Amino acid sequence: MASLIEVNDLSKRYKVNSGWWKKEYKTVLKPLSFKLESKQTMAVVGGIGSGKSVLAKLLVGAARPTTGEIILNGQHLQTGNFKQRCQHVRMIFQDAGNTLNPSLTIKQQLEEPLLLNTRLNPQQRTLLIRQTLQKVGMLADHMHFYPHMFSGGQKQRISLARAIILEPQLVILDEALAALDLSLRAQMINLLLDLQQQMGLAYLLISHDLDIVEHFSDKMIVLRDGEVVETGTTEQVLKDPKDKYTKKLIMSQRKRPAI
Ligand SMILES: Nc1ncnc2c1ncn2[C@@H]1O[C@H](COP(=O)(O)OP(=O)(O)OP(=O)(O)O)[C@@H](O)[C@H]1O
């Protein structure tokens, strides 16, 4: 059976010197392949500048790959097809709560993707907004409020509602839990795991925090300077790392308190 998402030889290089007399390129992601199933989470770890965000940008369609293909449910994702990408792949950032527009109500912000991507009528849109807010543990009436009326944790839930309202298959969590304190982080992890089971979501978790990776992901890849140095189940990689760089990453976090 085909995987939910299949990434084959995805790579990215940027032009670093565009003088007319010479062209220089820097490869920031070397050809990378993986498969991910529904209800599975794959973590991507690596140091600063290792290519984690570039991979996320390629998956979400914000950058064009130099080589490779992304196949979702047997369908090739086309770089320029924003509607297709928007529906299937969504991303949540570290400061997601602050990306909410302060001058729009929650209803207006959740309605935006529905207006752009669906043919639902106003009643159907309102119903879906109510249901989605409830799914993320908010009240349906919160749709009439503005972002400044919520705490950081609630704003993060609203961003999650915005990400899942189109029922995507893949959600990319780019350090999405990093800014939350320990108790909010635990609540958010539980909510994400519940939604994953309910909706059959696949997550790609970008995180510097190996405690979160251990708790949350099924498998992981370790990136160094744009190259995969190790991949496997999370348990296997964290318990018995083979690569020197992975060992160093794990050692550097051993003494930190667990989540
Ligand atoms: N638009 C761009 N043009 C040129 N180089 C880029 C561009 N975007 C990213 N890079 C380079 O790609 C490399 C990987 O960057 P990336 O942002 O993916 O790192 P990262 O692993 O997410 O790091 P961090 O943990 O700091 O967020 C870096 O060397 C960066 O300078």
Side-chain angles (χ1 to χ4, degrees), residues 5 7-34 36 41-70 77 79-80 82 85 89-99 156 159 163 170-180 185 188 202-217 219-232 234 237-238 241 243-254 256 259:
I5 183 152
V7 168
N8 296 320
D9 290 327
L10 200 64
S11 77
K12 181 70 185 170
R13 63 176 193 171
Y14 284 110
K15 203 189 279 183
V16 287
N17 185 340
S18 56
W20 63 268
W21 65 98
K22 68 172 177 182
K23 283 183 185 153
E24 274 179 26
Y25 294 93
K26 182 182 170 198
T27 299
V28 293
L29 192 67
K30 295 188 181 153
L32 169 156
S33 303
F34 65 86
L36 194 57
T41 299
M42 187 176 83
V44 183
V45 303
I48 290 168
S50 58
K52 304 180 297 292
S53 301
V54 168
L55 172 61
K57 278 187 208 160
L58 296 177
L59 292 172
V60 88
R64 187 177 287 275
T66 307
T67 66
E69 58 180 10
I70 304 165
L77 292 185
T79 309
F82 294 110
R85 198 67 71 110
V89 185
R90 304 294 300 209
M91 191 152 163
I92 305 179
F93 299 94
Q94 177 172 350
D95 55 351
N98 296 329
T99 62
Q156 191 78 339
S159 305
L170 174 65
V171 176
I172 300 170
L173 305 164
D174 191 354
E175 296 288 359
L177 303 162
L180 302 174
R185 185 182 293 176
M188 193 70 179
Y203 292 133
L204 187 109
L205 171 75
I206 296 177
S207 181
H208 283 104
D209 190 325
L210 294 181
D211 291 325
I212 295 178
V213 167
E214 183 171 19
H215 190 79
F216 198 85
S217 65
K219 52 185 184 174
M220 63 188 283
I221 56 178
V222 184
L223 282 178
R224 183 191 187 185
D225 295 334
E227 188 170 13
V228 177
V229 293
E230 188 151 3
T231 180
T234 302
V237 172
L238 292 181
D243 183 81
K244 247 177 25 194
Y245 180 70
T246 316
K247 287 181 189 167
K248 230 167 102 183
L249 269 183
I250 295 171
M251 285 298 289
S252 69
Q253 293 199 20
R254 275 246 160 97
R256 296 178 48 203
I259 53 165

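Note that ligands are numbered from 1 as they come in the structure, with each ligand's atoms numbered from 1 the same way. If you're wondering where the values come from, they're calculated on a predicted model, not measured in any experiment.
- Not a single heavy atom of E175 lies less than 4.0 angstrom from ligand 1.
- Applying the 4.0 Å criterion to heavy atoms of S50 picks out, from ligand 1, the atoms 19 (O), 20 (P), 21 (O).
- Closest to atom 27 (O) of ligand 1 among all protein heavy atoms lies S53 OG, 3.8 Å.
- Among all non-hydrogen protein atoms, the one lying nearest atom 23 (O) of ligand 1 is G49 N, 2.8 Å.
- Closest to atom 10 (N) of ligand 1, if we only count protein heavy atoms, is Y14 CE1, 3.9 Å.
- When only non-hydrogen protein atoms are considered, atom 11 (C) of ligand 1 lies nearest to V28 CG1, 3.5 Å.
- Within a 4.0 Å radius of atom 30 (C) of ligand 1, the protein contributes no non-hydrogen atoms.
- Between L36 and K219, some side-chain heavy-atom pair lies under the 4.5 Å cut-off.
- Of the N and O atoms on the side chains of T66 and S11, not one donor lies less than 3.5 Å from an acceptor on the other residue.
- Contacts of I48 with ligand 1, taken as heavy-atom pairs under 4.0 Å, involve both backbone and side chain.
- Looking from atom 25 (O) of ligand 1 to the surrounding protein, the closest heavy atom is K52 NZ, 2.8 Å.
- Polar contact with ligand 1: present for V54 (N/O pair, distance under 3.5 Å).
- Residue nearest to atom 16 (P) of ligand 1, selected from S207, G226, A63, G51: G51 (by heavy-atom distance).
- Near H208, the atoms of ligand 1 lying under 4.0 angstrom from a non-hydrogen atom of the residue are 25 (O).
- Using a 4.0 Å cut-off between a side-chain N of Lys or Arg and a carboxylate O of Asp or Glu, D211 and R185 do not qualify as a salt bridge.
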